[in-house]
Protein chains: 2
Amino acid sequence: MVMDINHRKLSHEIIEFYDKLSSWELAVVKGTGHSLSHIHAVEILGVNGAMRMKELAEKMGITTGTLTVQIDKMVRSGLVMRQVPQTDRRAVLVTLTEAGEVIYQQHDELHHQLTKQLTMKMSDDERRCLLGLFERMNHEF
Amino acid sequence: MVMDINHRKLSHEIIEFYDKLSSWELAVVKGTGHSLSHIHAVEILGVNGAMRMKELAEKMGITTGTLTVQIDKMVRSGLVMRQVPQTDRRAVLVTLTEAGEVIYQQHDELHHQLTKQLTMKMSDDERRCLLGLFERMNHEF
DNA sequence: TCCGAATATTTTGATTATCAAACTAAATCC
DNA sequence: GGATTTAGTTTGATAATCAAAATATTCGGA
């Protein structure tokens, strides 16, 4: 089928986009003094707000055992705090500190700048269209 | 500035898309019996063809020292071969084996299916538009 | 042609990340 | 109220990673 060629091309452009975004992120994170996974955790917490170990581990694709040691380090480096919710004293709520929030805001700003760069030559209509298409794709996952 | 809101929203949709793609990839790779980074190497070699250690390491964001041990394992698991080019006997060309090529094709097919799923409800025009916008973004990186 | 500098990869030694499984503590369910 | 489930931590072993040293080859003059 000829129509499949569109899907294939699109699929490859998506993979290329993903890889370039990975490299960009890696380059940006070097120089912060934090590890990639710590910044990733900060990003997730910045977007979604405080969450439990289990939920954060799932979002990061690691086990809670691994996350425990990561959070230990992130507490030591001042990015996050542990809080025990009154409703369930088994649980641990991982929360950004003020310093962690600052790091998140700075990192988010870099993403914002990148987005500007990538869509610099697009018209407002095209940018709006792209936003709509991303929203729809995110919805179909 | 009001216009920035578009950039910010778009930036957040891109991050969400990236995260969902990461999770998808992780889920897909579990069950193959290969590690995420091995499959990633296979993907890069499948798209770009055989390449040197240095180039592959750069694309993967790791040092050549780390890559050496990865390639050792991938050779043992039958995914790749090492070849020494006649033109420069210092270098090592990492090449997919037939089995590695099969793994690549299978993995690429899964990406293809995902792309279909994500754009299922789009018109051909919208899909074409999306392709064009991805091409332009990839160009601006 | 020969030698020092540069390049490509591997090896080494140490650190860090990771997992599965055992463990602890708290909540929930008959 | 005791058994079961759930949330997180700890442990022991393995795998991934890096920087720096080592090895092998090529290249660029004199």
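Residue numbers begin at 1 in each chain, while the letters A, B, ... track the order of the sequences.
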Parallel, tilted or perpendicular: rings of B:Phe17 and A:Phe134 (30°, 60°): perpendicular

Between P of C:dA8 and CD of B:Glu55, the distance in whole Å: 11 Å

Common cluster, B:Leu21/B:Val29, ILVMFWY with side-chain heavy-atom separation under 4.5 Å: no

Common cluster, B:Leu56/B:Ile62, ILVMFWY with side-chain heavy-atom separation under 4.5 Å: yes

Atom pair distance, as rounded to whole Å: CG in B:Asp72 and P in D:dA16: 11 Å

Inter-residue atom distance B:Thr115.OG1 - A:Arg8.CZ, 0.5 Å rounding: 9.5 Å

d(CE, B:Met53; C1', C:dT9) in whole Å: 7 Å

Nearest-Å distance for atom pair CG/C1', residues B:Leu36 and D:dT17: 15 Å

Flag, side chain of B:Glu140 to backbone of A:Thr119, donor-acceptor distance under 3.5 Å: no

Within one Ile-Leu-Val-Met-Phe-Trp-Tyr cluster: B:Val47 and B:Leu45, side-chain cutoff 4.5 Å: yes

Within residues 81-94 of chain B, residues whose heavy atoms come under 4.0 Å of DNA chain D: B:Asp88, B:Arg89, B:Arg90

Protein-nucleotide distance (A:Met51, atom CE; D:dG8, atom C1'), rounded to Å: 16 Å

Annotated protein contacts, base or backbone, on nucleotides 18-23 of chain C with a non-hydrogen cut-off under 4.0 Å, one of B, S, - each: BBS---

Protein-nucleotide distance (B:Leu67, atom CG; D:dA19, atom C1'), rounded to Å: 16 Å

Ion pair check, B:Lys121 and B:Glu126, cut-off under 4.0 Å: no

Separation of atom CZ in A:Arg52 from atom P in C:dA27, rounded to whole Å: 10 Å

Out of D:dA15, D:dG8, C:dT9, whichever nucleotide has its closest atom nearest the side chain of B:Lys73: D:dA15

Whether A:Arg127 side chain and A:Met122 backbone form a donor-acceptor pair below 3.5 Å: yes

Protein-nucleotide distance (B:Glu58, atom CD; C:dA8, atom C1'), rounded to Å: 12 Å

NZ/NE/NH1/NH2 to OD/OE distance under 4.0 Å, B:Asp19 and A:Lys59: no

